[in-house]
Number of protein chains: 2
Amino acid sequence: MTSTIRSGCPINLTLETIGDRWSLIVIRDLMFGNRRHFRELLAASEEGIASNILADRLKRLVEAGLLSKADDPSHKQKAIYSLTEKAIQLVPLIVQMGAWGRRHLPTTPELAIRAQLLEEGGPEMWDAFMDELRAVHLGAPMPSGPRVADRLAAAYAALSGEQAGGQP
Amino acid sequence: MTSTIRSGCPINLTLETIGDRWSLIVIRDLMFGNRRHFRELLAASEEGIASNILADRLKRLVEAGLLSKADDPSHKQKAIYSLTEKAIQLVPLIVQMGAWGRRHLPTTPELAIRAQLLEEGGPEMWDAFMDELRAVHLGAPMPSGPRVADRLAAAYAALSGEQAGGQP
DNA sequence: TTAAACCAGTTGCATAGCGCAAGCAGTGAG
DNA sequence: CTCACTGCTTGCGCTATGCAACTGGTTTAA
């Protein structure tokens with residue numbers, strides 16, 4: 001994770017920003033798992049991120065402009081992490097990653113169902129989901145109609161036998 | 001780059017396969033730069049990959065089923081690396097990476113033009129490009145009509161002042 | 001026929017990043 | 001006052017990366 005730029009190629013610059021094993025995991029949990037606090041991100045991660053790695057990634061992602069950090073008014077020590085517009089625009093990329101992984105790698109059905117729904121939903125569904133993220137993370141008005149996030153959570157719950165809420 | 005699986009989530013599995021700083025660079029050069037030999041990949045890389053890292057990534061990518069390796073009949077010591085179908089299906093993901101990088105990171109114009117063309121061309125153009133890759137790397141018949149690869153190379157050449165051939 | 005150039009890597013070594021476990025100061029509830 | 005909870009930090013060993021030099025073999029050219 002050096003900070004020197006290797007080249008101005010868009011692929012390379014994207015790799016330098018999110019091309020490691022943890023950054024996108026953190027963004028995924030913020031995006032689909034709706035985890036907003038350090039401890040939530042730490043404890044509920046499927047992959048078991050270490051606290052120092054999480055702290056480092058949160059710091060880097062805030063510096064890179066992908067996350068923002070704010071105080072929780074209900075608790076002086078709590079920090080709330082939010083996705084920025086820059087991170088919300090990663091949705092199509094993340095959907096493609098999910099689609100490719102689902103097709104070529106040994107995924108677990110209950111963890112793959114959301115990737116499947118988003119892939120089948122196409123760009124309209126991605127846009128709707130991005131608008132919901134803007135409402136939750138940026139304070140934009142929540143779009144009317146049924147929520148994509150609810151559909152994803154329901155599909156996950158149906159397969160995993162849990163109540164809605166959502167693990168990635 | 002450990003080999004233990006952290007979770008069955010499609011995002012995570014994709015990250016475990018290509019989520020590092022070099023794997024996609026190698027695939028990009030094979031895909032857009034049409035480099036097929038070790039020395040070509042080593043010397044002509046914008047980012048300057050080290051020979052031991054390149055050797056390691058080629059080995060891993062072959063093991064992961066993303067590349068195949070064959071002898072060059074014209075030279076006993078030459079090895080030819082080819083993309084597999086699995087790697088060719090990364091095209092939409094790579095296009096999304098390029099699109100995001102171009103929009104949010106300080107890219108160089110001549111290196112970004114191909115990302116722009118592919119983004120604007122949409123899924124039809126991606127499919128056409130994937131068919132061309134199948135012809136070049138898998139021995140499938142080359143589709144008729146103007147080549148996407150030629151358009152990309154021409155656009156790059158026009159901006160960089162070089163003759164066609166193509167740096168990523 | 002012999003030297004030079006080219007081929008795909010390998011090796012040694014220093015540095016940087018990762019992963020685990022434990023610890024820390026401040027905060028809020030009972 | 002105590003105890004659990006907050007977002008981290010520290011120490012330590014291990015792995016991965018990056019650089020430079022090198023290897024054994026092959027082909028080309030003088």
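Order of the sequence lines fixes the chain letters, A, B, ..., with proteins taken first and strands second; residue numbering starts at 1 for each chain. If you're wondering where the values come from, they're calculated on a predicted model, not measured in any experiment.
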Should the pair B/Asp56-B/Lys59 be classified as a salt bridge under the 4.0 Å nitrogen-to-oxygen rule?
no
Establish whether the base of C/dT27 is bridged to the side chain of A/Gln77 by a donor-acceptor pair shorter than 3.5 Å.
no
C/dG17 P sits how many Å from A/Ile53 CD1, rounded?
11 Å
Picking from C/dA22, C/dG9, D/dG18, which would you name as closest to the side chain of B/Trp22?
D/dG18
Give the nucleotide from the list C/dC20, D/dT9, D/dA20 with an atom nearest to the side chain of A/Asn52.
C/dC20
D/dA16 phosphate, OP1 or OP2: any side-chain N/O from B/Arg21 under 4.0 angstrom?
no
With the side chain of A/Ser51 defined as its heavy atoms from C-beta on, choose the nearest nucleotide among D/dG18, C/dA22, D/dG7.
C/dA22
In whole angstrom, what separates A/Glu40's CD from D/dT6's P?
9 Å
Distance check needed: D/dC8 P versus A/Arg57 CZ, whole Å only.
15 Å
Atom NE2 of B/His37 and atom P of D/dT27: how far apart are they, to the nearest Å?
14 Å
For B/Asp20 and C/dC18, what is the distance between atoms CG and C1' respectively, to the nearest whole Å?
14 Å
Within residues 66-76 of chain A, find the residues that approach DNA chain C with a heavy atom at under 4.0 Å, and present them sorted by residue number.
A/His75, A/Lys76
Hey, what else clusters with B/Met142 if you join Ile, Leu, Val, Met, Phe, Trp, Tyr whenever side-chain heavy atoms sit under 4.5 Å?
B/Val136
Give a yes or no on whether a salt bridge exists between B/Arg6 and B/Glu16, defined as a side-chain N under 4.0 angstrom from a carboxylate O.
yes
Does the side chain of B/Arg39 get closer than 4.0 angstrom to OP1 or OP2 of C/dC7 through an N or O atom?
no
If the threshold is 4.0 Å, N to carboxylate O, is there a salt bridge linking A/Glu119 and A/Arg103?
yes
Separation of C/dC20 atom P from A/Glu47 atom CD, nearest Å, is 13 Å
Using 4.0 Å as the upper bound for N to carboxylate O, is an ion pair formed by A/Glu47 and A/Arg28?
yes
Please report the interatomic distance NE2(A/His37) to CG(A/Leu30), rounded to the nearest 0.5 Å.
10.5 Å
Return whichever of A/Lys78 or A/Lys59 has its heavy-atom-nearest nucleotide of DNA chain D closer to the 5' end.
A/Lys78
Whole-Å distance separating the CZ atom of A/Arg6 from the C1' atom of D/dG18:
12 Å
Whole Å only: how far is the CD atom of A/Glu16 from the P atom of C/dG17?
13 Å
Side chains of A/Ser82 and A/Arg36: any donor to acceptor distance under 3.5 Å?
yes
